[in-house]
Asker: 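Below is a structure I'd like to ask you about.
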Number of protein chains: 2
Amino acid sequence: MYKGKYPKIPEATIKRLSIYLRCLKKLEEEGNIVVSSQNLADTCCVNSTQIRKDLSYFGEFGTRGVGYNIKTLQEDIKKILGLDTTWNMILVGFGNLGKALLHYKGFHESGYKWVGVFDNDKDLIGQKVFDNLYVEDFKKLDNKKIKEINPDFAVITTPPDVAQDVVNKLILLGIKYFLNFAPTKIKVPDNILLKNVFIIAEFDNLVYNISKIENK
Amino acid sequence: MYKGKYPKIPEATIKRLSIYLRCLKKLEEEGNIVVSSQNLADTCCVNSTQIRKDLSYFGEFGTRGVGYNIKTLQEDIKKILGLDTTWNMILVGFGNLGKALLHYKGFHESGYKWVGVFDNDKDLIGQKVFDNLYVEDFKKLDNKKIKEINPDFAVITTPPDVAQDVVNKLILLGIKYFLNFAPTKIKVPDNILLKNVFIIAEFDNLVYNISKIENK
DNA sequence: GAATGTGAACGCATTCACAGCT
DNA sequence: AGCTGTGAATGCGTTCACATTC
């Protein structure tokens with residue numbers, strides 16, 4: 001049963017729920033019906049107490065002495081994360097990273113849907129992305145188009161130097177939520193939620209750890 | 001002055017150092033010479049005490065009453081992260097995400113260097129990546145080639161179903177460090193360091209936050 | 001006066017230990 | 001007996017408050 005009001009949920013718990021969800025899918029595909037927190041922990045590389053605690057913030061999903069039903073636990077986690085509904089996304093910046101995201105198959109099965117792709121490069125405008133989806137001119141994106149495609153959030157994969165301008169325009173068009181992959185910090189007003197994904201930091205972090213180990 | 005032995009450094013501190021480094025670069029390009037922790041905090045969207053504490057784990061880099069010299073602080077952070085040397089990388093999987101990483105300009109200026117690109121798709125093998133760098137057949141990758149190009153770590157951007165096999169082979173060839181972008185958890189022995197980057201978790205996390213705000 | 005550097009206090013996240021079901 | 005669920009304890013990371021230096 002879902003609790004009405006929760007204590008503060010750790011950020012890290014939400015990140016792990018994503019991972020549990022994908023691991024559960026894998027376990028289901030392998031033909032399993034029920035999983036213990038210990039089993040799941042082994043496939044996710046975390047510890048089993050952590051899993052039980054993470055879930056306990058949101059309710060009780062298992063059966064003592066038995067474990068968790070893989071099918072219903074997936075549904076429960078989707079409900080917690082907000083993935084029990086469809087999310088319309090637009091992408092700005094049809095470069096390699098943009099294409100990589102557009103073609104990632106995992107989105108569709110998790111309820112994500114691309115409803116628009118924009119760029120300002122004449123050579124790219126008009127290119128086919130999928131059946132029914134073509135690259136459009138970002139300059140021509142207006143309120144009418146937004147109303148038509150009804151995006152929930154925007155994904156930014158432009159070069160860093162134009163990212164702030166792109167976001168500014170989208171805010172004026174009423175977009176309130178952003179995921180930014182451009183390697184630059186973007187400033188937004190308080191009523192807007194923008195999350196930066198800083199891929200090079202992952203490389204730096206690996207290198208820091210290698211340096212420590214190797215004394216390079 | 002760098003301290004010989006440090007207390008345990010928070011993971012998060014290392015991540016932030018990456019960000020400070022890129023923000024300092026931006027400030028330098030804008031013509032600044034010196035920056036206070038408060039200035040830097042404003043550009044990085046963190047708080048100034050955090051910056052001073054993060055740096056204090058590694059030594060003293062500023063001048064009281066004045067601030068930090070932008071040029072030398074960048075050098076100091078590079079030294080801390082291990083970015084004061086060159087890092088040779090190989091990439092396996094010449095898809096869109098692989099291409100995006102290969103063409104990201106930020107790597108070169110941070111000391112990262114691509115020394116090999118591999119795929120098993122006949123149509124891709126032989127394609128030119130840069131002058132002097134062509135896509136090669138992953139099946140033909142052997143000890144001799146590894147010795148020649150001398151990679152420090154491998155970046156995995158293959159489809160998820162082959163990622164584990166790719167890593168297994170590379171471990172046999174002597175690679176000890178990995179950054180995995182394939183959306184699957186990869187198991188490695190204790191003496192190997194592999195970091196998973198789970199891009200869809202960033203989407204899930206945004207959606208969770210939107211759901212909370214909008215009660216969707 | 002202005003800014004850094006840091007022990008101490010606080011708050012958040014993980015782990016422990018065990019009670020509670022099946 | 002086996003596994004979940006959770007208050008309590010621990011450990012970790014951030015923020016505070018202030019001593020220190022220029």
Side-chain angles (χ1 to χ4, degrees), chain A residues 1-3 5-20 24 27 32-74 76-77 80 201 205 208, chain B residues 1-3 5-20 24 27 32-74 76-77 80 201 205 208:
Chain A
M1 199 74 349
Y2 292 168
K3 291 166 186 169
K5 282 275 140 66
Y6 320 128
K8 226 170 287 167
I9 313 293
E11 269 285 301
T13 290
I14 302 303
K15 288 239 168 97
R16 281 190 299 267
L17 288 176
S18 292
I19 294 170
Y20 302 160
L24 285 164
L27 288 165
N32 299 285
I33 302 295
V34 170
V35 69
S36 68
S37 59
Q38 188 56 62
N39 292 159
L40 184 57
D42 292 342
T43 38
C44 297
C45 309
V46 296
N47 94 34
S48 64
T49 309
Q50 183 79 77
I51 293 183
R52 295 199 303 277
K53 176 62 92 179
D54 284 339
L55 292 172
S56 79
Y57 291 122
F58 300 98
E60 305 190 4
F61 304 102
T63 309
R64 292 170 198 224
V66 180
Y68 301 90
N69 179 291
I70 292 179
K71 194 171 140 56
T72 59
L73 184 56
Q74 285 181 80
D76 289 327
I77 293 177
I80 292 166
N205 198 45
Y208 170 76
Chain B
M1 199 76 347
Y2 292 170
K3 293 167 184 169
K5 283 272 141 64
Y6 320 129
K8 226 169 286 168
I9 313 294
E11 268 285 301
T13 290
I14 302 303
K15 288 239 169 96
R16 282 190 298 267
L17 288 176
S18 291
I19 295 170
Y20 302 161
L24 284 165
L27 287 166
N32 300 285
I33 302 294
V34 169
V35 69
S36 68
S37 59
Q38 189 56 62
N39 291 160
L40 184 57
D42 292 341
T43 37
C44 297
C45 308
V46 296
N47 93 34
S48 65
T49 309
Q50 183 79 76
I51 293 183
R52 294 199 303 278
K53 176 62 93 179
D54 284 339
L55 292 172
S56 79
Y57 291 122
F58 300 97
E60 304 190 5
F61 305 101
T63 309
R64 291 169 198 224
V66 180
Y68 300 90
N69 178 292
I70 292 179
K71 193 171 142 54
T72 59
L73 185 56
Q74 285 181 81
D76 289 327
I77 293 178
I80 293 167
N205 198 43
Y208 170 77

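Proteins come first, then strands; the chains are lettered A, B, ... in the order of their sequence lines, and each starts at number 1.
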Asker: Could you say whether B:Y68 or A:R52 is positioned toward the 5' end of DNA chain C, judged by the nucleotide with the nearest heavy atom to each?
Answerer: B:Y68
Asker: Between D:dT4 and A:S37, is there an OP1 or OP2 to side-chain N/O distance shorter than 4.0 Å?
Answerer: yes
Asker: Hey, are the side chains of B:I19 and B:K15 touching, using non-hydrogen atoms and a 4.5 Å cut-off?
Answerer: no
Asker: What does B:T49 touch in the nucleic acid at a heavy-atom separation under 4.0 angstrom: a base, only the sugar-phosphate, or nothing?
Answerer: base
Asker: Provide, to the nearest angstrom, the distance between the OH atom belonging to B:Y20 and the P atom belonging to C:dT4.
Answerer: 12 Å
Asker: Please tell me whether B:Y20 and B:D54 have a donor and an acceptor in their side chains that are separated by less than 3.5 angstrom.
Answerer: yes
Asker: Mind calculating the distance between CZ (A:R64) and P (D:dT4) to the nearest angstrom?
Answerer: 10 Å
Asker: Rounded to whole Å, how long is the line connecting atom CD1 of A:I51 with atom P of D:dT4?
Answerer: 9 Å
Asker: Expressed in angstrom and rounded to an integer, what is the separation of A:D54 atom CG from D:dG5 atom C1'?
Answerer: 13 Å
Asker: C:dT14 phosphate, OP1 or OP2: any side-chain N/O from A:N47 under 4.0 angstrom?
Answerer: no
Asker: Please give, in whole Å, the distance from D:dG2 C1' to A:N39 CG?
Answerer: 12 Å
Asker: How long is the gap from CD1 on A:I14 to OH on A:Y57, to the nearest 0.5 Å?
Answerer: 10.0 Å
Asker: To the nearest 0.5 Å, tell me how far A:D76 CG sits from A:E60 CD.
Answerer: 12.0 Å
Asker: Hey, could you give me the CG/CD1 distance between B:L73 and B:I77, rounded to the nearest 0.5 Å?
Answerer: 4.0 Å
Asker: Give, for atom CZ of A:F58 and atom CG of A:L17, the distance between the pair rounded to the nearest 0.5 Å.
Answerer: 5.5 Å
Asker: Measure the distance from NZ on A:K53 to P on D:dA8 and round it to the nearest whole Å.
Answerer: 11 Å
Asker: Measuring only between side-chain heavy atoms, which start at C-beta, is A:R52 closer than 4.5 Å to A:Y68?
Answerer: yes
Asker: Please give, in whole Å, the distance from D:dC3 C1' to A:N69 CG?
Answerer: 15 Å
Asker: Rounded off to whole Å, could you give me the CD-to-P distance for the B:E60 and C:dA3 pair?
Answerer: 18 Å
Asker: What protein N or O atoms touch nucleotides 11-13 of chain C N or O atoms at under 3.5 angstrom, if any, and at what distances?
Answerer:
{"from": "C:dC12", "atom 1": "OP1", "to": "A:K8", "atom 2": "NZ", "distance (Å)": "3.2"}

